[in-house]
Structures are given as structure tokens and as C-alpha cells.
Colleague: 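Please find one structure pasted underneath; my questions will follow.
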Number of protein chains: 2
Amino acid sequence: MAPPDEQLPPKAATERVSAATVGRLPEYLRALMELAANDEASVSSDGLSVLTNVNSATVRRDLATLDITGTRGLGYDVKYVVHEISLVLGLSQEWAVVIVGAGNLGRALANYQGFASRGFPVRAIVDIDPSLVGTTMGDQVVSHLDDLETIVDGKDVSVAVIATPAANAQAVADRLVDAGLSSILNFTATPVVVPAHVQVRQVDLATELQILSFYHQRTSAAVGGTGVPLVDRSTGSGT
Amino acid sequence: MAPPDEQLPPKAATERVSAATVGRLPEYLRALMELAANDEASVSSDGLSVLTNVNSATVRRDLATLDITGTRGLGYDVKYVVHEISLVLGLSQEWAVVIVGAGNLGRALANYQGFASRGFPVRAIVDIDPSLVGTTMGDQVVSHLDDLETIVDGKDVSVAVIATPAANAQAVADRLVDAGLSSILNFTATPVVVPAHVQVRQVDLATELQILSFYHQRTSAAVGGTGVPLVDRSTGSGT
DNA sequence: TTCTGTGAAATAGTTCACAGCG
DNA sequence: CGCTGTGAACTATTTCACAGAA
């Protein structure tokens, strides 16, 4: 263990976690849950490295940052790490989700089981279009956007997903903030501006395709010509 | 156009572009198209900085990396930069997309207009489930996965989207590669392994929520309590 | 021996600050 | 002037490499 220092405040490890590390936590978690499902009791940083494609030193440093310790000579206790990472990510409880926008994308997301199965049950869907309000979607009845506040309070919703046309994104975000929500996942291409205490994540599906397109081009352009070039899987077999 | 140089090594600017820069290009593009739609002829790096929330020095450096030049005292020519970035991202042509998996997510994506409108028309949807094959979805009839190769060749498809259950992701990816595709967008939580010449992008929607959850927690934990916001609803007396 | 935990080196990416062009 | 283009400083992140615990 690291030499403890009695003078320092307890541990707000969370404070020191870099964005890069946070981005890897869900990956670790996925790999670890797979291991757990396979009844693996422990795993080395090398093992996790292979499963996640993250350098093993990075794995160790990430975990150490979270004060997650392993056993020298053995590795990390799978269940323990799952528990700790879940805690750090705030996954020890469910977070109810409201989807705003019952158009194609909203409908898609409402039916998508992947949210609920990962601890984010969709508890409401809202839209402004009166012809959609009252229709059933997934296992929810579409409500009117105006009822947002009631829904948020009544169903303990804490996360909103924006799936409206891009032009409405900002207006929707404003209403979400007014309704007291402070976590927003925006699937619109338009970034929204929110107060500092509100978290937003921008995910644009077409952007992903554009980036893919870039790398596709670059790869095609890089003609080596010698049969099968470059097999790059960074598993550091160093010295 | 940049001055062609017959003597120097071909020096494609593309080679030197960092991943960080690539990630910002779609953002620049979006902002620039907005400007273009507004008949703005030119924009300064400061202007773009405001629109994209990227430091202006970073904007200038990114563009300079792509050999995109501006005019001192004036700024960048909007149309010219749109053209150049589109070129770099490979967006001067359309890329036809095949969606694999006609379940909830696949259906959602098939109906989503955001792909086509950004230059990625969905030209086919395939599944293995015989009861889905032949049904209509979006403006496509669902085909069988076995016909993939024919479809890819016949419709000039170059990008695949995996929207199957996670357990099938790797098998699907293998078939996609066999069919000659080299750009894959994987919406499954399971990462897939592919040959080096194939580009994959992993986008897991639940992961986005997990990351959001982390920042939500961190923000709530950092209670300053001075006056304004702070939603108390989410305080952990959970389900 | 195996594998963690971590200084220290190496890389990557961002931002400042300013010379100099239009 | 205003604004680009870029050396140089700075900050962040990754990776090496190894002492030492189990």
C-alpha cells in the first residue's frame, strides 16, 4: 500500500481522475463483468490489457488513481474492482431516463433495450407534437413536453436524452434545466449551452461516420503494396 | 488549392493529422456550414473558436496542419474551408451504408434521417432472422445476411453499421470483412477484432450514460451550495 | 516467480505570445 | 489595424522500467 498520510483529507479519488481515465472505466467494467460471468476470481493488469486493448501500465495507473489495489504476484480481485468502478461511475443505483423527442431516433432509443439493461431504465418519453402524445412507444405512453416537470419529479428521472430535430435542441435543453435535470445526453448535431452545474454529452451519430470516413481514406491512401502489411496490436513485448 | 510540389515527398497532410484534430474536424465543419447557410463569407479563428468551443490557437493550428490557409487581417474563407475539410474527411462523395441487425436499434437507425442527410444513405438492411427478412423498414426491404456480398457489390456499399445483439458482433464483423467492407461502426458493447486494413469505431450508447453519470456524481459531490442550483432529487435513497 | 505500484522518461496535445502579412 | 501562422512553453497522458510485496 502507499504510505498513508494522516494529515490529508480522507479520499476524494474522484477529484483527481482525468477525462482519459474516465473514458476507459466503462471499458474496464465491461471486461471485468465478462470475467465475473466466467467465474474468474482475479485478473492481472496484463489480462485486462488484452481484453481492453489498453496498455497494462495504463491499466495499473488508472486503478491506482482510484485507490483500487491489487495483490502483487496475483492481480486484481474481479468482484472488488467491479464494485469499486461501479461506485466511482455512480452505477450502484439506477438512473431513470426521459427521452425527449418521439420521432425516429427517439422511438429507436425508446425501444432499445441496451439502456435499461445497463442500469438506465427509460421511464418517460415526451414530445411537443399533439398527434404523438398518448401513443405507445416501447412500454411507455408518450407525454407532452409541458408535463416534463411533473414527470421528472414523479418518476425520479435524473437523466434526459435529447432526440429532437437539431433546431430544437437548445430550447429543449433549457426546459430540461428548468425542470431540474442536470444530466443530458444530446443526440442532436447541434451542441447546447447549459449552466455549469449541468452535465451534457454530445453524441452525433453522423459525426462518427465522418471520422470513420477519414480513417478509411487515410488507410486506403497508404498503399504499401506488399501483400499484408502492418499487423499492429500494441501488446508491448518490449525488450 | 495548395501549391503542388513535384520535388518533395508527396507529403499528404493527412498523414500528420492527430486523432485529436480529426475529432474536431466534424465540429468545425458543422459550424462552418452554419456560417455558409448564413451567407457569411469569412470567419476568424476567434469566431470559429466561439462557435465550436475550441481555443482559437488550436483552431489555427488544426487548419494549418491541413494546409488550409487564411488571410491575415481577414480570416478564413468559409466556402474554401468547408471544401477542404470535406475533402480531408472524404465527404466529397456519398458513402452507402448497410445496417446489420433489424432489431430495435437497427430499426431505429434505419429510420433515422440523420445519416442520409449527412452523406451516408442507408442502402440496405440485413438480418439472419427469416421472419424479418422481406419486411419493410425505413424505405428498405430487409435482406438476409447471406446476401451481404451481393448487396455490397451491387449497391456499392462501403460502410457497415452493426446493430445486432452484442454476442453476435464478432461473427458479424468477420462476415463484413469477408464481404470486402473496410469501415465498420459498431453499436454493440462488445469490441470486435478486425484486420489492420479495416477501420472500426465503437459507439456504445450506454457507455455514454455511464460517463455522464460519473460527471454528474462528481458535480453533485462538489457541493458549493452557494445560492443557485443543485437538484436534491437524485440523492441516493434509491430504488 | 509473478505481478503491482510508481518514479522518471517519453510523447502528445494545448495554449501563449508575438512577428509579420494584407 | 486585425488576424494568421508558428516557435516555444506548458500541461496532460502514456509508457518504460524496476524495486519490492506476496
Side-chain angles (χ1 to χ4, degrees), chain A residues 1-5 8 11 13 15-25 27-28 31-32 35 40-78 80-81 84-85 211 232-239, chain B residues 2-3 11 13 15-25 27-28 31-32 35 40-78 80-81 84-85 211:
Chain A
M1 316 293 182
D5 189 324
L8 292 178
K11 56 157 147 184
E15 286 292 316
R16 309 225 157 259
V17 185
S18 75
T21 296
V22 175
R24 286 186 293 264
L25 296 183
E27 268 192 280
Y28 296 148
L32 288 161
L35 289 168
E40 303 279 349
S42 68
V43 64
S44 65
S45 59
D46 266 332
L48 263 185
S49 173
V50 169
L51 288 168
T52 58
N53 219 34
V54 171
N55 180 292
S56 69
T58 301
V59 170
R60 292 197 295 279
R61 201 170 291 277
D62 282 342
L63 297 183
T65 304
L66 300 175
D67 294 330
I68 296 174
T69 62
T71 308
R72 289 166 196 245
L74 222 198
Y76 298 88
D77 182 87
V78 172
Y80 164 67
V81 182
E84 291 300 310
I85 292 184
I211 293 174
D232 168 55
R233 278 302 145 195
S234 53
T235 320
S237 39
T239 9
Chain B
K11 198 35 108 189
E15 284 293 316
R16 307 232 154 251
V17 185
S18 75
T21 296
V22 174
R24 285 186 294 263
L25 295 183
E27 268 192 279
Y28 296 147
L32 288 161
L35 290 168
E40 301 281 348
S42 68
V43 65
S44 66
S45 59
D46 265 333
L48 263 186
S49 173
V50 169
L51 288 167
T52 57
N53 220 33
V54 171
N55 179 292
S56 67
T58 301
V59 171
R60 292 197 295 281
R61 202 171 290 278
D62 282 342
L63 297 183
T65 305
L66 299 175
D67 293 330
I68 296 175
T69 63
T71 307
R72 287 165 198 246
L74 221 196
Y76 297 88
D77 183 87
V78 172
Y80 163 67
V81 182
E84 290 301 310
I85 292 184
I211 293 174

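Every chain is numbered from 1, with letters handed out A, B, ... down the list of sequences. For the numbers below, each heavy atom of this structure counts, side chains included, while hydrogens, waters and symmetry mates do not.
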Colleague: Counting only side-chain heavy atoms from C-beta out, which of C:dT4, D:dT14, D:dT15 sits nearest to A:A20?
Modeller: D:dT14
Colleague: Please determine, for the side chain of B:R72, which listed nucleotide (C:dT14, C:dC3, D:dT4) has the closest atom?
Modeller: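 For the B:R72 side chain, the nearest candidate turns out to be D:dT4.
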Colleague: Take A:G73 and B:V54, find for each the nucleotide of DNA chain C with the closest heavy atom, and name the residue whose nucleotide sits nearer the 5' end.
Modeller: A:G73
Colleague: Within the 4.0 Å heavy-atom criterion, would you say B:T21 contacts the bases, only the backbone, or no part of the nucleic acid?
Modeller: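 No contact.
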Colleague: Between D:dC18, C:dG13, C:dT14, which nucleotide has the shortest distance from any of its atoms to the side chain of B:S18?
Modeller: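 Per side-chain heavy atoms of B:S18, the pick is C:dG13.
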Colleague: With the side chain counted from C-beta on, respond yes when A:L25 and B:I211 share a heavy-atom pair under 4.5 Å apart, and no when they do not.
Modeller: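 Side chain of A:L25 against side chain of B:I211, heavy atoms only: no contact under 4.5 Å found.
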Colleague: Send over the distance from B:L74 CG to D:dT4 P, rounded to a whole Å.
Modeller: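 It works out to 9 Å between those atoms.
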Colleague: Check whether any side-chain N or O of A:S49 sits under 3.5 Å from a backbone N or O of A:V54 as a donor-acceptor pair, and report yes or no.
Modeller: yes
Colleague: Within this structure, what is the CG-to-P distance between B:D46 and D:dT4, rounded to whole angstrom?
Modeller: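 So the CG-P distance, B:D46 to D:dT4, works out to 7 Å.
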Colleague: Figure out the CG/P separation between B:L48 and C:dT15, and round it to whole Å.
Modeller: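 Rounded to the whole Å, the gap is 15 Å.
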Colleague: Please walk me through it: do B:L51 and B:L35 pass side-chain contact (heavy atoms from CB on, under 4.5 Å)?
Modeller: CA-CA 10 Å; B:L51 288 167; B:L35 290 168; 3.8 Å; yes
Colleague: Calculate the interatomic distance between B:D77 atom CG and D:dT4 atom C1'; express it in whole Å.
Modeller: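 My rounded result for the distance is 15 Å.
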Colleague: Which atom pair, heavy atoms only, marks the closest approach of B:V81 to B:Y76?
Modeller: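 Residues B:V81 and B:Y76, closest heavy atoms: CG2-CB, 3.7 Å.
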Colleague: Going by the side-chain hydrogen bond (donor to acceptor under 3.5 Å, both in side chains) test, name the single residue among B:D62, B:T21, B:T52 that passes it with B:Y28.
Modeller: B:D62
Colleague: Please classify the nucleic acid contact of B:S45 as base, sugar-phosphate, or nothing, using heavy-atom distances under 4.0 Å.
Modeller: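 Since only primed, P, OP1 and OP2 atoms lie under 4.0 Å of B:S45, the category is sugar-phosphate.
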Colleague: Mind checking A:T58 for me? I need base, sugar-phosphate or nothing, with any heavy atom below 4.0 Å counting as a touch.
Modeller: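 Answer is base: heavy atoms of A:T58 come under 4.0 Å of a base.
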Colleague: Looking at every heavy atom in both B:V43 and B:L48, which two are closest together, and how far apart are they?
Modeller: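 Where B:V43 meets B:L48 most closely, the heavy atoms are CG2-N, 3.8 Å.
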Colleague: Assuming nearest nucleotide by heavy-atom distance, tell me which of A:A57 and A:A19 is located more 5' along DNA chain D.
Modeller: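 It is A:A19, whose closest nucleotide lies nearer the 5' terminus.
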Colleague: How long is the line joining CG of A:D67 and P of C:dT4, in whole Å?
Modeller: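 A:D67 atom CG is separated from C:dT4 atom P by 17 Å.
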Colleague: Return the nearest nucleotide to the side chain of B:N55; candidates are C:dT15, C:dG22, D:dA17.
Modeller: C:dT15
Colleague: Pick base, sugar-phosphate or nothing for B:G75, based on heavy-atom distances below 4.0 Å to the nucleic acid.
Modeller: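 The answer is sugar-phosphate, as B:G75 gets under 4.0 Å only of primed atoms, P, OP1 or OP2.
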Colleague: Using a cut-off of less than 4.0 Å, is there contact between a side-chain N or O of A:Y76 and OP1 or OP2 of C:dG5?
Modeller: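 For C:dG5, OP1 or OP2 has a side-chain N or O of A:Y76 closer than 4.0 Å.
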Colleague: Students often get this wrong, so: under 4.0 angstrom with heavy atoms, is A:S56 touching a base, only sugar-phosphate, or nothing?
Modeller: nothing
Colleague: Consider the side chain of A:R24, meaning its heavy atoms from C-beta on, and name the nucleotide among D:dC16, C:dA17, D:dT14 that approaches it most closely.
Modeller: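 Nucleotide nearest to A:R24's side chain: D:dT14.
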Colleague: What is the separation between atom CG on A:L66 and atom P on C:dT6, rounded to the nearest whole Å?
Modeller: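 Roughly 13 Å, once rounded to whole Å.
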Colleague: Looking at the side chain of B:R61, which of D:dG7, C:dT4, D:dA22 is the nearest nucleotide?
Modeller: D:dG7
Colleague: How close or far is atom C1' of C:dT4 from atom CG of A:D62, stated in whole angstroms?
Modeller: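 After rounding, the reported distance stands at 14 Å.
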